[in-house]
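As structure tokens, the structure follows; a few thoughts come after it.
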Protein chains: 2
Amino acid sequence: MPEDTIAVLSQSPVFQGLPESQLRTLARIADPITYHPGDLIFSEGEDAAGFFFVVSGQVKISKISFEGKEQVLHFVGPGEIFAEVPVYSGGTYPANAEALRESRMFFFPRQAIRRLLASDPNLAMNMLADLSRRLRQLTRLVENLSLKESPARLAAYLLHASEELIRDDQVELDVTKGQLATLLGTTPETLSRTLKKMSETGQIQVQGRTIKLLDKPGLEQMAAG
Amino acid sequence: MPEDTIAVLSQSPVFQGLPESQLRTLARIADPITYHPGDLIFSEGEDAAGFFFVVSGQVKISKISFEGKEQVLHFVGPGEIFAEVPVYSGGTYPANAEALRESRMFFFPRQAIRRLLASDPNLAMNMLADLSRRLRQLTRLVENLSLKESPARLAAYLLHASEELIRDDQVELDVTKGQLATLLGTTPETLSRTLKKMSETGQIQVQGRTIKLLDKPGLEQMAAG
DNA sequence: CGGGTACTTGACAATGGTCAAGTGTGGTGG
DNA sequence: CCACCACACTTGACCATTGTCAAGTACCCG
């Protein structure tokens, strides 16, 4: 089992390139937990005891307003970590996390990780890379929310959807359209209408959660908007 | 001069707590540059050679859309750094930077910093803290843009404006109202109207760039929106 | 087959952006 | 010292995008 754990961890970008000894230490402090669909993992403002590494499943990170409106910040999948921010500053979770499916993960206590960081510059560099990647992604989210209107956001999403979702100019959504709407900062209704319009103009073709991209140049054009 | 440089650097959160020797090294690789109001420091997408430390002045970090609409991500002041992200991942600037005033700063070349990081866990921890602070701030920006409407954003800004701006329930803006509008994801027109409305309802009192907060509970109420 | 959830569609209202035309106001040069 | 210019800001009228409410349809799972 620990051997297994090491293998899983070393696969991930955050832990790759680390010496065997560090991986062993990580595996020792990793605390396995499983969540079920709909489970709330933590809420914004709670004291953060550490961060999570997703082995399998899917997690939604989001903000929720006073009136109940929700904005998804990102979805987390296998090999990725989340809730790293409070490890380094603050100490409280900046958002909510909810399991969308049966999700196995490892929990890493804050203090243990900080000790490891102090002793291994490689891990620190990996963490810096991880945080800055997330920063880029959030920056793009801000850009989309503020500078683009709904159709442009959708076009941008379809074109730059994470590589795993795209095959042969065809996007296979890994979340419901309702969830996607919340990530795009809009509502299911508006998303539905936008998809319809883009279908009518022949830019895409929708079939359930599968979306064929028929006119990439046209979509690029929209996404710029 | 180098003694001076060391003093300036050690004041800043990012470099505080570092051993004398590291500070000396930093001071040695620091390349002083001065920008004038309106100067473009770099544009989104450009290759990034390093990051900047602001000694004095003020810098605007923003995204600009195809049509020319602008969204300010944040303003950078003395003691703060910017453009750290490309040091750790990517290698291109994720946004634009423009000097709003006469600004003196130090430029730190990417490679030199990475070497330093590998040798000093303290610096790495400071950088991690810096990035995670920025992540929190961006998360809040997303929340404001997506979950709140214009008046709520303004109220939230007034209440949580950085400490230096507030004195005796009175906010002294350090940017023009036009710039503030762009930070709040709106237009000067809308901001002007919102300020007027809040004045009429007796929640604030505006006089040039000075805004008195007359009804904090009321503002808290709005900001929750 | 039944029930819940996801999704679609329609009608309506409203927030806020745009365009256009003012009204300051501070700084510069005559 | 005053006139003037540029720029920040204000105000008004209009309109587009999009959120909301409501109702209906499709689809999946037991």
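Chain A is the first sequence line, chain B the second, and so forth, proteins listed ahead of strands; every chain is numbered from 1.
Remark: the A:Thr182 side chain and the A:Glu70 side chain contain no N/O donor-acceptor pair separated by less than 3.5 Å. No donor-acceptor contact under 3.5 angstrom links the side chains of A:His36 and A:Arg101, judged on distance only.
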Under 3.5 Å between N/O atoms: give me all the protein pairs with nucleotides 3-7 of chain C, atom names plus distance.
from	atom 1	to	atom 2	distance (Å)
C:dC7	OP1	A:Lys177	N	2.9
C:dC7	OP2	A:Lys177	N	3.2
C:dC7	OP2	A:Gly178	N	2.9

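Counting to the nearest Å, the P atom of C:dG17 and the CG atom of B:Leu184 are 11 Å from each other. One interatomic measurement links the two molecules: CG of B:Leu147 to P of C:dT15, which rounds to 17 Å at whole-angstrom precision. Distance A:Lys197 NZ to C:dT9 P: 12 Å, rounded to the nearest Å. Going from atom CG of A:Leu191 over to atom P of C:dT8 covers 7 Å, rounded to whole Å. Here the P atom of nucleotide C:dT15 and the CG atom of B:Asn144 are 18 Å apart, to the nearest Å.
For the pair B:Asn96 (side chain) and B:Ser43 (backbone), a donor-acceptor distance under 3.5 Å is absent. Of the possible polar contacts, none joining the B:Arg209 side chain to the B:Lys177 backbone as a donor-acceptor pair under 3.5 Å is found.
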Using the rule given for ring pair (Phe, Tyr, Trp, His ring centres under 6.0 Å), can you reason through B:Phe108 versus B:Phe15, listing the C-alpha separation, both sets of side-chain angles and the distance that settles it, and then say yes or no? CA-CA 13 Å; B:Phe108 292 96; B:Phe15 297 128; 5.8 Å; yes

What string of B, S and - do you get for nucleotides 16-30 of chain D, 5' to 3', if B is base contact, S is sugar-phosphate-only contact and - is no contact with any protein heavy atom under 4.0 Å? -SSSBB---------

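At most 12 non-hydrogen atoms from other residues, nucleotides or ligands lie less than 6.0 angstrom from CD of B:Gln221. No more than 12 heavy atoms of other residues, nucleotides or ligands lie within 6.0 Å of CD in B:Gln207, so this atom counts as exposed by the packing criterion.
Here A:Lys212 does not pair with A:Asp169 in a salt bridge; the nearest charged N to carboxylate O distance is not below 4.0 Å.
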